[in-house]
Visitor: 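The structure under discussion is supplied below as structure tokens; questions concerning it will follow.
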Amino acid sequence: MESRDKILELIKQNQPEAKSLPAVTINSVISFEDNYQQFKTVLESIGGKVELVDSIDAVKDIFLAETSSGKMVISTIPTFGEIDQKLSSYTAPQLEVLERAYLQATLGVAENGSVWLYESQMVNRLLPFICQHLVLVINKNAIVPTMHHAYQKIDVARDGFGVFLAGPSKTADIEQSLVIGAHGARTTTIFIVGS
Amino acid sequence: MKVGLFIPCYIDQFYPNVGIATLQLLEKLGCDVSFPLNQTCCGQPMANSGYASYDGGCDKNFVNNFSGFDYIVAPSGSCVLHVKEHLQDDANKEAALQIRSNIYELSEFLTDVLKVKNIAASFPYKVGFHNSCHGQRGLHLSSMTETVSPSFSKPLQLLNMVKGIQIMNPKRNDECCGFGGTFCVFEEAVSVKMGKDRIAEHDANEVDYITGVDVSCLMHMEGILKRNADKIKTIHIAEILNSQL
Amino acid sequence: MKDHASLAQEFITDEPRTDWHDETLWFVRQKRDKAAHGLPEWEQLREWASGIKDHTLSNLNTYLTQFEAQAKANGIQVHWAFDGEEHNRIIYDIIRKNNIERIVKSKSMLTEECHLNHFLQSNGIEIVDTDLGERIVQFRDEAPSHIVLPAIHLKKQDVSETFHKHLNTEKGNNDPQYLTEAARIHLRDKFVASQLAITGVNFAIAETGGFVVCTNEGNADMGAHAAPIHIACMGFEKIIPKAEHLSVFLRLLARSATGQPITTYSSHFHRPRPGQEMHIVIVDNGRSKQLGRKDFRNSLKCIRCAACFNTCPVYRRSGGHSYHTAVAGPIGSILNPNLDMKANADLPFASTLCGSCSNVCPVKIDIHEQLWKWRQVIVAEGYSPKAKTISMKIMSMVLARPAVYRFSGMMARKMMRLVPGLFKNKLNPWYKQREMPEAPKDSFREWYLKNKK
């Protein structure tokens with residue numbers, strides 16, 4: 001514990017006198033006429049796809065049709081059918097061939113096109129990252145305007161892991177040319193349920 | 001209104017016409033202007049090189065020369081900023097503080113103190129305006145592209161009063177020219193490259209002149225223009241505002 | 001060792017490449033501007049972010065203690081490292097204890113600062129950097145030249161050659177899509193087989209004992225969720241009080257960095273997954289010392305967005321390697337003198353003090369003012385070149401004496417007219433690429449005495 005105590009002692013000696021914490025008042029931040037429209041516009045601008053559906057059954061049908069494709073397709077959405085009991089313990093070598101994953105997200109954020117996913121919605125933390133294609137479902141009324149609103153609605157420490165995920169994996173590390181599909185999903189499609 | 005005219009050392013030595021234009025302009029606008037005869041320098045060259053501790057004598061001399069004026073005006077944003085931020089004289093603390101709050105760069109003095117609404121000047125040329133950093137980001141003579149705030153420009157407000165002038169903004173409207181005080185010699189390669197890049201944008205606008213509120217930036221760009229036999233000339237804003245062409 | 005000025009001069013020798021570098025980063029700066037101007041509350045957000053960080057720095061010991069307790073309660077193992085060497089040693093011990101051979105690492109400027117790769121390599125252990133840009137520079141045995149865009153100094157032809165050599169891609173195929181795909185396939189194998197994932201930390205939350213890692217590529221997640229052991233390394237200034245404060249920082253971070261509204265992945269880690277080991281290494285490495293420097297402590301507010309790099313007209317024209325440190329650019333120039341003042345004495349001078357860096361900083365660090373203050377400290381501590389000190393001494397003596405100043409000015413102008421060769425020569429750095437100003441016969445003062453008195 002020697003370094004710990006030494007560091008904390010030095011910090012105590014050297015830190016400035018206490019300054020108060022500013023109050024973040026979110027009534028002064030940007031608002032949008034239509035959160036859904038804003039979410040869609042932003043997400044599409046960062047390479048995501050948005051589909052509006054009346055009912056989650058429409059997504060379920062797509063999933064079910066795909067399960068017979070011969071490729072590995074996984075859903076963690078309870079209403080889509082039974083979830084593989086062992087999914088949570090699948091390792092990377094087992095999930096490496098995962099073609100498509102269907103997940104329910106908690107909420108969407110209009111200002112940046114991200115959605116929040118709890119670990120419990122992924123079942124396996126690797127799922128939204130290791131799949132080639134990611135399909136997410138959110139309710140239309142679960143789109144909030146900004147990150148401030150989002151953090152009011154979620155409990156980041158509820159599960160062991162959670163993520164704000166905005167569109168497909170990307171990189172611009174070669175000459176600033178945008179390439180979609182760096183290490184994570186090559187496509188991200190968000191089905192928004194509602195009218 | 002008693003105005004003390006501060007003509008920074010290198011303007012005094014190399015650009016007397018800028019001093020003359022400043023003096024004539026202020027007098028035309030009804031100011032009672034004096035030029036304290038024992039002034040030298042604001043001390044910035046030492047301070048920006050890390051030698052602010054050597055500025056004692058320079059500061060003392062500055063305070064001796066400029067105490068007692070209602071306003072002190074200089075045709076240089078950079079020197080004014082330095083005085084505002086750093087002038088001190090332990091033997092005469094009050095006077096130094098007074099000077100720090102009373103010193104103005106020429107264009108802000110015209111817009112904010114004299115509240116000039118029109119200027120009887122004409123300058124029938126295409127002019128590129130250079131936003132010098134210390135004037136812009138230091139003295140807030142104009143809005144900055146980095147910040148989210150309403151746009152304004154005190155120097156352009158004045159230049160727009162000049163008859164016949166056509167003002168052209170370079171593509172990157174507020175990028176540094178690379179002068180940077182002693183930076184211009186200690187980081188010669190970057191300094192010149194920055195200057196060349198500024199000039200290229202004014203070249204693209206096919207301007208006749210580059211103007212600005214700081215002679216130092218203009219001197220640096222002038223040096224590069226002349227070396228490259230570029231036909232663009234440099235001119236200080238005071239010279240345009242004082243001109244009758 | 002070469003200083004910034006000479007390394008920059010070498011960089012600029014290839015002028016078209018310098019122009020490309022400048023334009024590319026300027027484009028990023030413009031994207032940042034667009035994103036900032038898209039939020040009416042932008043300046044308010046910066047104010048909040050700055051205030052939250054100021055508050056945190058003034059209560060650091062409390063928040064770090066709280067974070068440690070919460071993280072431990074969450075099942076995370078917490079380590080403290082006084083310096084880079086101890087940081088490296090802690091990681092090395094975990095590697096040895098678990099007989100680890102395959103390691104993936106996502107971007108962490110802290111591990112660069114501590115020279116972790118080099119340390120492990122000298123102990124026979126290979127790390128695979130998984131950020132695309134970092135993998136590219138790792139193949140080339142170079143350091144990252146930018147903290148967000150590590151390979152921004154390279155052109156696609158360079159990357160193509162490097163990948164041809166290391167990944168056997170087609171010779172001459174310079175398509176970024178093709179090259180990225182090759183890296184994806186190469187690195188997938190590394191992720192899947194990895195035994196240890198090392199990541200950085202963007203924010204650590206005192207209230208909950210969790211931490212957030214942001215990437216666009218998803219490499220931190222691929223590593224952390226695949227490997228049985230995850231080590232997250234953080235400088236102690238990464239701490240923030242509460243989860244709700246993440247809203248302020250995540251809104252600012254990506255917009256400031258690249259103009260994106262948010263990074264693709266903002267991953268919140270709180271507990272290891274079942275069967276996984278999770279470690280956090282909290283590192284000081286000079287930070288407590290910087291905290292004690294009144295004029296420089298608020299440099300510790302930095303969230304590593306690199307907006308100051310992209311806006312800096314000097315950085316854009318001199319490249320990251322000219323700063324010869326892990327963190328380059330304006331922020332590096334105020335952080336590095338604290339780590340080694342002698343070796344980094346040149347960096348605070350690698351700036352025109354234009355002030356653009358302070359304007360773009362999302363946490364409102366007064367970067368250009370600190371550059372000015374570091375210059376004073378460096379001179380006071382004796383790290384300025386002797387010749388410069390002598391010339392400054394003479395200059396200050398002349399400028400403090402009006403009569404001497406006038407005489408010297410008059411003589412200088414006279415000499416410039418009569419013996420121009422004294423000034424127009426190779427030894428004068430001004431004259432190398434610039435003409436001297438004309439030397440008028442009369443100074444302004446002389447004119448004034450003749451005409452106005």
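Below, all heavy atoms of this structure are taken into account, side chains as well, without hydrogens, waters or symmetry copies. Chain letters run A, B, ... following the sequence lines, proteins first, then strands; residues in each count from 1.
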Visitor: Is the shortest heavy-atom distance from the side chain of C:Asn216 to the side chain of A:Ser169 under 4.5 Å?
Guide: no

Visitor: Under 4.5 Å from any heavy atom of chain A, what part of C:His245 do you find: side chain, backbone, both or neither?
Guide: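 Contact with chain A is through the side chain of C:His245 alone.
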
Visitor: We want to know whether A:Thr171 and C:Glu217 form a side-chain donor-acceptor pair, criterion being a heavy-atom distance below 3.5 angstrom.
Guide: yes

Visitor: Between CG of A:Leu127 and CG of C:Asp221, what distance do you get to the nearest 0.5 Å?
Guide: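 Reported value, rounded in 0.5 Å steps: 12.5 Å.
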
Visitor: Between C:Lys156 and A:Ser177, is there a side-chain donor-acceptor contact under 3.5 Å, judged purely by atom types and distance?
Guide: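 Looking only at side-chain atoms, C:Lys156 and A:Ser177 do not form any donor-acceptor pair under 3.5 Å.
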
Visitor: At a heavy-atom separation under 4.5 Å, does C:Ala81 approach chain A through its side chain, its backbone, both, or neither?
Guide: backbone

Visitor: How about A:Phe164 and C:Tyr265: are their ring centroids closer than 6.0 Å?
Guide: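 No, ring centres 6.0 Å or more apart.
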
Visitor: Report which part of C:Glu181 has an atom under 4.5 Å of a heavy atom belonging to chain A: side chain, backbone, both, or neither.
Guide: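 Side chain only.
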
Visitor: Please check if the distance between the ring centroids of A:His183 and C:Phe191 is under 6.0 Å.
Guide: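 Yes, they do, as the ring centres are separated by less than 6.0 Å.
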
Visitor: Are side-chain N/O atoms of C:His79 and A:Arg4 paired as donor and acceptor at under 3.5 Å?
Guide: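 A:Arg4 and C:His79 do not have a side-chain donor-acceptor pair below 3.5 Å.
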
Visitor: Is the centre of the A:Phe129 ring less than 6.0 Å from the centre of the C:His225 ring?
Guide: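 Centroid separation for A:Phe129 and C:His225: below 6.0 Å.
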
Visitor: Ring-plane angle category for A:His148 and C:Trp48, please: parallel below 30°, perpendicular beyond 60°, tilted otherwise.
Guide: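 The rings of A:His148 and C:Trp48 stand perpendicular, inter-plane angle above 60°.
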
Visitor: Given heavy-atom pairs under 4.5 angstrom as the criterion, report whether the side chain, backbone, both or neither of C:Gln276 touches chain A.
Guide: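 Contact with chain A is through the side chain of C:Gln276 alone.
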
